[in-house]
2 protein chains.
Amino acid sequence: MVKSTIKDVAQLAGVSLKTVSRVINKEPFVRQATIEKVSKAIEELGYQPNLAARNLRSGKSYALGLVYDNPNPYYIIDMQQGALNVCRDMGYGLQIHPCDAAQDNIAEELVDLYRDADLSGLILAPPMSERADIIKVLRRNDIQYVGIVSGTAEDPALTPCVHVDDRKAAYNITKHLLSLGHTHIAFFWGEEIHKSSPERFHGYEDALREEGITLDPSLIFDGAYSFESGIENAQKLLQLPDTPTALFCSNDEIAAGALTVFTERGLQVPHDIALAGFENSPFSRHSSPPLTTAEQSTIEIAAAATRLLIAGMRPHTIESENELVTEFSPTLIIRQSTCPVDGR
Amino acid sequence: MVKSTIKDVAQLAGVSLKTVSRVINKEPFVRQATIEKVSKAIEELGYQPNLAARNLRSGKSYALGLVYDNPNPYYIIDMQQGALNVCRDMGYGLQIHPCDAAQDNIAEELVDLYRDADLSGLILAPPMSERADIIKVLRRNDIQYVGIVSGTAEDPALTPCVHVDDRKAAYNITKHLLSLGHTHIAFFWGEEIHKSSPERFHGYEDALREEGITLDPSLIFDGAYSFESGIENAQKLLQLPDTPTALFCSNDEIAAGALTVFTERGLQVPHDIALAGFENSPFSRHSSPPLTTAEQSTIEIAAAATRLLIAGMRPHTIESENELVTEFSPTLIIRQSTCPVDGR
DNA sequence: TTTAGACATGACTACGTTGTCAGGAAATTC
DNA sequence: GAATTTCCTGACAACGTAGTCATGTCTAAA
């Protein structure tokens, strides 16, 4: 099986090289009959365009970069899967790029990556996507990108991006706890640099305020999206004179840490303290008890972001604008880690 | 900042295009002084070779594919990191390719991937790397590859590959349990399709046999590398008339499932039953108690495999053959989930 | 000194595609 | 029917690199 080129196709179809190129790239001004003739020849020969030649000549690269700095492998794997699915469909390659958001020259690193790997666009996961300073550098360098951003407010400093409504999801979780009769609900933060963290906090705030409950600062703990942070804050929590009846952790990993501490101290979840997480990680399904949490369809979100990016670069390849979903809202998943407050 | 080409470099260094090309590709027959002159010019201009042009001309692609079907995201992330590190160093791109090993036409899928994405080599993670049928198809199609294989026995059907000595590591874990006085040690298998599973079992066998202990079939449980499998088999285990004093699970996830069951039933680990896992996953550090396990440096292993693959394709780019490590042995990590048998 | 042979360099070309531009065919207007 | 305008097609060049081959320059043996 010898690789066939555009030349072979042209010969078989009885047209010129350029016309074949036009058909392949869906350029306008080709007669329908010609399109069909060429398409048939392409199929017959099993022709596949040579990426290298295409890239060289067009200066574009048909490869996207997926940029992330996120400690959660489950999240990353799903992101990759979502982006890959769309890339495959649209004939793009995908380069993964784990990196360190805390690094000083991270923006320059991305610019270099973009050039060196000859990418035609970047997909940014949080928190990179939420850093206006990074976005600014990308724009200044004419780099195509798309972000995944927590919150629904249109922030012109961050567009284009897809939005995830963490606030509403956190509101729903808190409402769930409230509906079970809990009024003393503690909150464990994740890193502030992840916009999802304040968003989730605001959702918690919204629900309490709606019920006329004043926030109790002693029940609110700074932290990070990690197991260790959950352990640390749970220990502090248990030192309070008046232990709350429920705890809402900004993600499942934090909740896992807290759960470990509670179990060690002989506290029963949910009877002694109700516990909710966020993200629907495998841990939340496997812990005992399984955690009440919020599910975000990371694969879908990443796919939508990728579609949006490609649409921005090659408008005519996207069938209809309607396909471009940019708003996502995680859904509440109720499991055994929450129960009515008088269930104690 | 305009992108500079090989032409600019040649002009600045006062040599021909071809000579610059020679320096870049480390071809022989270039005078040391010339190399330095050109290198200096390259640095001065911040020259980066144009991948597309290079690919087009050479017919090779300077892009590798990382192929895996593994449910463990932590493992995957480490694999990716190891492969990426080397790819960056050697100027290669990396395409990830998650797939389903159980699919019928998986070998053809890989062949198509190789052609369509214009890759120059594949890095195969287990279990793909251990499937002689897949390897055979790759060879027949002249596809460059490298595998990561459990076991030390040279299997000509699988080379080239790097080896991971799971058997010895499992032997060490079992020896550790034996040294603590345990003689009734149960074993939970992973999927048989992963060669690591029988290898780990053999290590367990080796250690028991060395002590003159006859294997007790009722203590050996088939299963999979999953939390659920651990739960299921732990439940069966506890129905035995004579519960063993120790349990060796083929990986940490299985151990996590077993631990959950033990904790629910009020059994204390390690006092009522000692528990060992394998892989040193984050869970093994975070569980209570933390698990005795074996650490495999997945990043290193993936890096070594990638180096081996590149060495096979472009022998002169590797400084010395000695760098090519192909044997890895996971190391024993003793934590609080194991204690002497009379500690009960 | 001569003469191989090994070493070192450069001119030229090809890789497969897309951009440019020119020109022909069809549709529309006068 | 002529003159536009719009649509459609092809010839040719060019992208930046590496392969081929010819040629020049050393070193060391005759």
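Predicted model only: the values in this text are computed from it and were never measured. Order of the sequence lines fixes the chain letters, A, B, ..., with proteins taken first and strands second; residue numbering starts at 1 for each chain.
Atom CD in Q32(A) sits about 16 Å away from atom P in dC7(D), given to the nearest Å. Look at CG on D8(A): it is 9 Å from P on dT17(C), rounded to the nearest Å. One interatomic measurement links the two molecules: CD of Q48(B) to C1' of dG16(D), which rounds to 14 Å at whole-angstrom precision. In this structure, the CG atom of L17(A) is 13 Å from the P atom of dA13(D), given to the nearest Å. Atoms CD1 (I35(A)) and P (dC8(D)) sit 9 Å apart, rounded to a whole Å. The CD atom of E27(A) sits 12 Å away from the P atom of dT9(D) (whole-angstrom rounding). Separating the CD1 atom of I24(B) from the C1' atom of dG19(D) is a distance of 15 Å, rounded to the nearest angstrom. Distance, K60(B) NZ to dA18(D) C1': 9 Å, rounded to whole Å.
Y74(A) and Y74(B) have perpendicular rings, their planes meeting at more than 60° on a 0 to 90° scale where under 30° would count as parallel.
Across all strands shown, P49(B) has heavy atoms under 4.0 Å from sugar-phosphate atoms exclusively, and none from any base.
Between I106(B) and E109(B) there is a side-chain heavy-atom pair separated by less than 4.5 Å. Side-chain atoms of Y68(B) and P98(B), non-hydrogen and from C-beta on, do get closer than 4.5 Å to each other. Considering only heavy atoms from C-beta on, T306(A) stays 4.5 Å or farther from Y92(A) through its side chain.
Contact check, Y62(A) against dT18(C): no side-chain N or O comes under 4.0 Å of OP1 or OP2. The phosphate of dT9(D) (OP1 or OP2) has no side-chain N or O of S16(A) nearer than 4.0 angstrom. For the OP1/OP2 pair of dT17(D) and a distance below 4.0 Å, the side-chain nitrogens and oxygens of N55(B) include no atom meeting the criterion.
Side chain of L56(A), nearest nucleotide from dG19(D), dA11(D), dC15(D): dC15(D). Looking at the side chain of F29(A), the nearest of the listed nucleotides dG19(D), dA8(C), dC7(D) is dC7(D). Distances from the side chain of T34(B) to the nucleotides dT17(D), dT9(C), dG10(D) place dT9(C) closest. Residue N50(A) has its side chain nearest to dG16(C) when only dT9(C), dG16(C), dC8(D) are considered. Looking at the side chain of R54(B), the nearest of the listed nucleotides dT17(C), dT9(C), dA18(D) is dA18(D). The side chain of T19(A) sits closest to dT9(D) out of dT17(D), dT9(D), dG10(C). Nearest nucleotide to the A53(B) side chain, out of dT9(C), dG10(D), dT17(D): dT17(D). The nucleotide whose nearest atom lies closest to any side-chain atom of R31(A) is, among dT17(D), dT9(D), dG19(C), dT9(D).
Both S58(B) and V20(B) lie close to DNA chain C; mapped to their nearest nucleotides by heavy-atom distance, the more 5′-ward contact belongs to V20(B). Place R57(B) and T5(A) on DNA chain C by their nearest nucleotides, and R57(B) ends up nearer the 5' end.
Distance alone, capped at 3.5 Å, places no donor-acceptor pair between the N105(B) side chain and the E108(B) backbone.
For a distance-only test at 3.5 Å, the side chain of K7(B) fails to qualify as a donor-acceptor partner of the base of dG16(D).
The minimum heavy-atom distance linking P73(A) with I77(B) is given by the pair CB-CG1, 3.6 Å.
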